[in-house]
Amino acid sequence: MPDRAPQPVERQLPTEEARDLIALVRDIVQREIAPRAAEEEDAGHFPREVFTLLSDSGLLGLPYDSDFGGGDQPYEVYLQVLEELAAARLTVGLGVSVHSLACHALAGYGTKEQQTEHLPAILGGGLLGAYCLSEPSSGSDAASLRTKAVRDGDDWIITGTKAWITHGGVADFCTVLARTGVEGPRGITAFLVPGDAEGLSAATPEKKMGMKGSPTAQLHFDGVRVPDTRRIGDEGQGFAIALSALDSGRLGIAACAIGVAQAALDEAVTYATGRQQFGRPVADFQGLRFMLADMATQIEAGRSLYLAAARLRDAGLPFSREAAMAKLFCTDAAMKVTTDAVQVLGGYGYTADFPVERYMREAKVLQIVEGTNQIQRMVIARHVVGPESR
């Protein structure tokens, strides 16, 4: 049996424009991202130049309105772009997803004046965003956040600490959720804060087991002053805005997870068809063949699940349950597939000479970010059997 090189995913795309878009992404991946991914991840290098290239290529605002610099692409297409990017380097795929998440509040709830002023630079002007919801003492229980915004004339003064912020310290703008009123979800408001605002600082980035090229850091707001013109939506509407963003963001994480899993499967197939033991390729042995078949099946199931949810979103239908299901299934599948890929490569899989150990380390975070998979199960259960008894 000859070595079998990985084949590009055969994608069902709705338009010729979408097919051209995927071809563009694959070209950028092959030239600018994949060749340096392992080395730069190992060095902890954040590829800002790649995000600049993606912005210049029209790939940072794909699901948003072209009137403001977006790409007018359906989520069905945008998510497949994310999958391609994440397969090459999760730092890039997840970074684009987080940027899109940070754009959601302004694009969906901002006034026309706010959108006209800020969206062109955010969607296609080379800027990079961060999404600031979690705090040191409020992760899964986001409604208990403590960062405060106090009215001072025509301004707001923001004070507090946000935690686990992707692009913390390198973002050009932040979508910040802060408490402006009563305790609980009804007292939270959204703000668009410049990354260089006076009083805003970043802590030393976290030392992580994976995604070392993506800075994750606490952000400290020490009396950061922002004008009321940067308040997004009504006072007290922020938590609803945040939940709306997270439904879409969870689909982004699902797509990234399938990208990582696909990369791991491709590496495992290449190794198994080329590695000889007992006089024949190890891919001839039924134990490995069945393992690879299961890996491929999980990937296809996950891809179908996130695309089905995306099509609901594109049709303007409710998709919160399906988004939680996609995030849960795809990230669990990525963890299983990448672990199995390490097993297929045996001792080589445990070394940094092959990328599958990196994929396994990276897959783990996807079960945690944008709502842990335990939270996804709670969301799904509420849709299935109703809210918990009090």
Side-chain angles (χ1 to χ4, degrees), residues 33 37 40-41 43-56 59-64 81-82 85-86 88-107 118-119 121-136 139 142 147 158 160-178 190-197 199-208 210-221 224 226 230 232 242 245-246 248-250 252-253 255-256 362 365-366 368-371:
I33 302 176
E40 291 188 354
E41 281 298 318
H45 171 73
F46 176 63
R48 183 59 195 253
E49 68 284 356
V50 169
F51 289 96
T52 300
L53 173 61
L54 294 177
S55 180
D56 292 343
L59 298 176
L60 279 192
L62 285 176
Y64 294 111
V81 168
L82 281 188
L85 293 172
R89 187 176 179 187
L90 184 58
T91 284
V92 175
L94 186 72
V96 173
S97 181
V98 168
H99 174 80
S100 183
L101 183 70
C103 296
H104 179 92
L106 179 61
H118 299 296
L119 274 180
I122 286 173
L123 296 180
L127 301 188
L128 190 64
Y131 184 75
C132 302
L133 176 62
S134 294
E135 298 183 0
T147 295
I158 303 177
T161 297
K162 294 296 182 178
W164 309 112
I165 305 304
T166 300
H167 303 153
V170 300
D172 301 296
F173 70 94
C174 306
T175 295
V176 180
L177 285 303
F191 298 90
L192 184 69
V193 179
D196 60 354
L200 174 57
S201 62
T204 302
E206 308 290 349
K207 295 181 179 180
K208 308 190 300 290
M211 285 190 66
K212 296 179 180 180
S214 176
T216 304
Q218 290 190 356
L219 290 183
H220 303 301
F221 295 78
V224 174
V226 295
R230 282 182 170 264
I232 307 299
L246 287 174
S248 297
R250 286 165 180 164
I253 300 303
C256 286
E362 291 177 339
V365 77
L366 299 174
I368 298 170
V369 297
E370 296 193 28

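Along the sequence shown, residues are numbered consecutively beginning with 1. Note that the structure is a prediction, hence the values are computed from the model and not measured. Below, each value reflects all heavy atoms present in this structure, side chains not excepted, and no hydrogens, waters or symmetry copies.
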Distance-minimising heavy-atom pair for [X] and [Y]:
X    : Y    : result
A203 : A217 : O-CB, 3.6 Å
C256 : L94  : SG-N, 3.7 Å
S55  : L60  : CB-CD1, 3.7 Å
F46  : S214 : CD1-CA, 4.5 Å
P63  : S100 : CG-OG, 3.8 Å
G126 : D172 : O-OD2, 4.0 Å

Apply the test side-chain contact (heavy atoms from CB on, under 4.5 Å) to residues L90 and V92: give CA-CA distance (whole Å), side-chain angles for both, the deciding distance (0.1 Å), then the verdict. CA-CA 5 Å; L90 184 58; V92 175; over 6 Å; no

Residues at least two apart in sequence or cross-chain that pass side chain to side chain contact (heavy atoms under 4.5 Å, CB included) with L53, listed by chain then number, are I28, E32, S57

With a 4.5 Å heavy-atom cut-off, do [X] and [Y] have their side chains touching?
X    : Y    : result
S201 : F221 : no
I158 : F191 : yes
V81  : L62  : yes
L101 : S248 : no

Using 0.5 Å steps for rounding, measure from the [atom1] atom of [X] to the [atom2] atom of [Y].
X    : Y    : atom1 : atom2 : value
T91  : L85  : OG1   : CG    : 12.0 Å
D56  : T52  : CG    : OG1   : 6.5 Å
T216 : K208 : OG1   : NZ    : 3.5 Å
I232 : L106 : CD1   : CG    : 5.0 Å

Quick one: sort the H99 and F173 rings into parallel, tilted or perpendicular, breaks at 30° and 60°. perpendicular

Can you tell me if T147 uses its side chain to pair, donor with acceptor, with the backbone of G160 under 3.5 Å?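 Judged by distance alone, no pair lies under 3.5 Å.
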
So does G371 get a backbone contact from the side chain of R250, meaning a donor-acceptor N/O pair under 3.5 Å?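 No, R250 side chain to G371 backbone: no donor-acceptor pair under 3.5 Å.
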
Please test V98 against V369 for side-chain contact (heavy atoms from CB on, under 4.5 Å), starting from the C-alpha separation and ending with a verdict. CA-CA 11 Å; V98 168; V369 297; over 6 Å; no

All N/O donor-acceptor pairs, side-chain side in residues 161-170, below 3.5 Å, sequence neighbours left out:
residue: T161; atom: OG1; partner: H220; partner atom: ND1; Å: 3.1
residue: K162; atom: NZ; partner: L133; partner atom: O; Å: 3.2
residue: K162; atom: NZ; partner: E135; partner atom: OE2; Å: 2.9
residue: K162; atom: NZ; partner: L177; partner atom: O; Å: 2.6
residue: H167; atom: ND1; partner: G129; partner atom: O; Å: 2.9

Pair K207, K212 - check side-chain contact (heavy atoms from CB on, under 4.5 Å), show working. CA-CA 7 Å; K207 295 181 179 180; K212 296 179 180 180; over 6 Å; no

Just to verify, what does E41 make a salt bridge (charged side-chain N to carboxylate O under 4.0 Å, His left out) with, not counting sequence neighbours?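 Here the qualifying residues are R89.
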
Using the rule side-chain contact (heavy atoms from CB on, under 4.5 Å), only one of L82, L54, V96 pairs with L59; which is it?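 Among L82, L54, V96, the one that satisfies the side-chain contact (heavy atoms from CB on, under 4.5 Å) with L59 is L54.
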
